[in-house]
There are 2 protein chains.
Amino acid sequence: MEYSHKLIIDNVSRFIDLTELEKQKYISLLTTVRVKKKEFLMQAGEITKYEYFIIKGCLKVYTLDEDGTPHISMFAVEDYWTGDLASFITKEPSRYFIKATEDSELLSISRVNYDLLFQEIPKFERFYRILYQRSLISYIRRSNHGISLTAEERYIEFKKKYPKIINRISQKDLAGYIGITPEFMSKIISKVNRM
Amino acid sequence: MEYSHKLIIDNVSRFIDLTELEKQKYISLLTTVRVKKKEFLMQAGEITKYEYFIIKGCLKVYTLDEDGTPHISMFAVEDYWTGDLASFITKEPSRYFIKATEDSELLSISRVNYDLLFQEIPKFERFYRILYQRSLISYIRRSNHGISLTAEERYIEFKKKYPKIINRISQKDLAGYIGITPEFMSKIISKVNRM
DNA sequence: TAAAAGTCTTAAACTAGTTCATTTTTTTTC
DNA sequence: GAAAAAAAATGAACTAGTTTAAGACTTTTA
């Protein structure tokens, strides 16, 4: 089996057991996508037709507000799922951009194949039930932290939770994720490092 | 069928079709709970054994930070699901309190019955897949808004999105949800009403 | 490999939101 | 239905985070 297919099967197999036939069927519903650093995987205004699994690389998912200030909602690296779930499901235009911050390789599943997947291998209802349950738990936590912690506390949390990601992204993008200006991010980092 | 059971079956039937037998089976896994205004449904430190569906009433789900300041993560009213999903799933102690802000009636499902439900009626994998998917979409949006909007914008959004809930909760609790002090909430409301 | 473009740092003036203290209004309780 | 308790309003002094601007450092591109 190809390396990329092995990776996604390992990811899925954390929650459900698949037969060899089911694995083959699943893989047949996926497509390989490559994006170079600084290229877009998708842009605001489009209706998202795919969900993505990252084999290799790093991408940022973000919106632009009226002032043109970017607000980063996630960094996606190896073994992560990404996309714009809202647009993918509701078929409304997305407000998100997804841009590669490193040359990246992904596997995509189209909306048509996603629907087909549940018909053909109902076990995937369970896989996505658990995947969404876990994402939900972490977003519930994050939406509270965004409101209740100071920027410095959010930075310290991020550093503790994603020590590998922090070394792969710019300070400016980190500021866009934490929800502050790059200038204030710079101050926080030099303060925290001094402590 | 009892009124409360009819309500929860209607809720579930939005996403999956159940036979009469399956409906009976499902209902047999639920328990009715009543809490009076100001009483707790659960408190921080406990391991959450239940998820709840609200038949009637209103409850607030919140944490207390080190200073004792409450941060409200949701208001649950009729036809909502609530609980602490993280503690329910991981069996770790909860950091949340759930307190009734009105006399309330709920249906609860225990963790044991929740697991049993998937074995006995696998269709429920689909129900929860869709339920969590929708919650995830709204939490992703909320965690971005928490970081990118001003308090005034968050208040206006809340008012537009939950016009019925806003009349049932105190200004103080709303402040705890928006993530600001009651004093500043008061200022925002009088400013927005003046506009 | 030089120039251009982007990132990071620092600092001063500013604004959104907090804190603390007091008064008024509303709700709860006996 | 009076007294007590809680919620809401207001204002002054404060702090976390923004804005603007300018210079130093790093990465990208021709």
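Naming: A, B, ... by sequence-line order, numbering from 1 per chain.
To the nearest 0.5 Å, atom NZ of residue B:Lys123 and atom CD1 of residue B:Ile16 are 6.5 Å apart.
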**Asked** Step by step, would you call A:Glu183 with A:Ser186 a side-chain hydrogen bond (donor to acceptor under 3.5 Å, both in side chains)?
**Response** CA-CA 5 Å; A:Glu183 292 87 344; A:Ser186 173; over 6 Å; no
**Message:** Between A:Tyr80 and A:Tyr52, does the ring pair (Phe, Tyr, Trp, His ring centres under 6.0 Å) criterion hold? Intermediate values first, please.
**Reply:** CA-CA 8 Å; A:Tyr80 275 60; A:Tyr52 303 94; over 10 Å; no
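Salt bridge absent: B:Arg126 and B:Asp17 never bring a charged side-chain N and a carboxylate O closer than 4.0 Å. Salt bridge status for B:Glu78 with B:Arg168: present, with a side-chain N to carboxylate O gap under 4.0 Å. Using a 4.0 Å cut-off between charged nitrogen and carboxylate oxygen, B:Lys23 and B:Glu20 count as a salt-bridge pair. Classification of A:Lys37 and A:Glu102 as a salt-bridged pair fails, no side-chain N sitting under 4.0 Å from a carboxylate O. Look at A:Glu125 and B:Arg129 and you find a salt bridge, because one of the NZ, NE, NH1 or NH2 atoms lies within 4.0 Å of a carboxylate O, short of that distance. Between A:Asp115 and A:Arg111 there is a salt bridge, since at least one side-chain N of the basic residue sits less than 4.0 Å from a carboxylate O of the acidic one.
Taking the ring centre of A:Tyr62 as origin, the terminal cationic atom of A:Lys60 falls inside the region bounded by 6.0 Å and 45° from the ring axis. Cation-pi check for B:Lys99 over B:Phe97 is not met; the charged atom does not lie both under 6.0 angstrom from the ring centroid and within 45 degrees of its normal.
For the segment residues 159-177 of chain B, residues with any heavy atom less than 4.0 angstrom from an atom of DNA chain D are, sorted by number, B:Ser170, B:Gln171, B:Lys172.
Using a 3.5 Å distance cut-off with no hydrogens or angles, the side chains of A:Ser143 and B:Ser143 do not pair a donor with an acceptor. One side chain, B:Ser87 or B:Thr48, offers a donor N or O that lies under 3.5 Å from an acceptor on the other.
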Any N/O pairs under 3.5 Å between the protein and nucleotides 26-30 of chain D? List them or say none.
| from | atom 1 | to | atom 2 | distance (Å) |
| --- | --- | --- | --- | --- |
| D:dT28 | OP1 | A:Lys37 | NZ | 2.9 |

Report, one pair per line, the protein and nucleotides 18-23 of chain D atoms (nitrogen or oxygen only) whose separation is under 3.5 Å.
| from | atom 1 | to | atom 2 | distance (Å) |
| --- | --- | --- | --- | --- |
| D:dT18 | OP2 | A:Thr181 | N | 3.2 |
| D:dT18 | OP2 | A:Thr181 | OG1 | 3.3 |

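At its two ends the helix from C:dT1-D:dA30 to C:dC30-D:dG1 runs along axes set 60° apart, each axis drawn from five pairs and the angle rounded to 10°.
Taking 4.0 Å as the cutoff to heavy atoms of chain A, we find the contact window on DNA chain C bounded by C:dT7 to C:dT10.
Within 4.0 Å of B:Thr150, counting heavy atoms only, lie sugar-phosphate atoms of the nucleic acid but no base atom.
Every residue two or more places apart in sequence or in another chain that forms a ring-ring contact (aromatic ring centres under 6.0 Å, His included) with A:Tyr128 is listed here: A:Tyr114, A:Phe118, A:Tyr132.
Separation of the B:Tyr177 and B:Phe75 ring centroids falls under the 6.0 Å cut-off.
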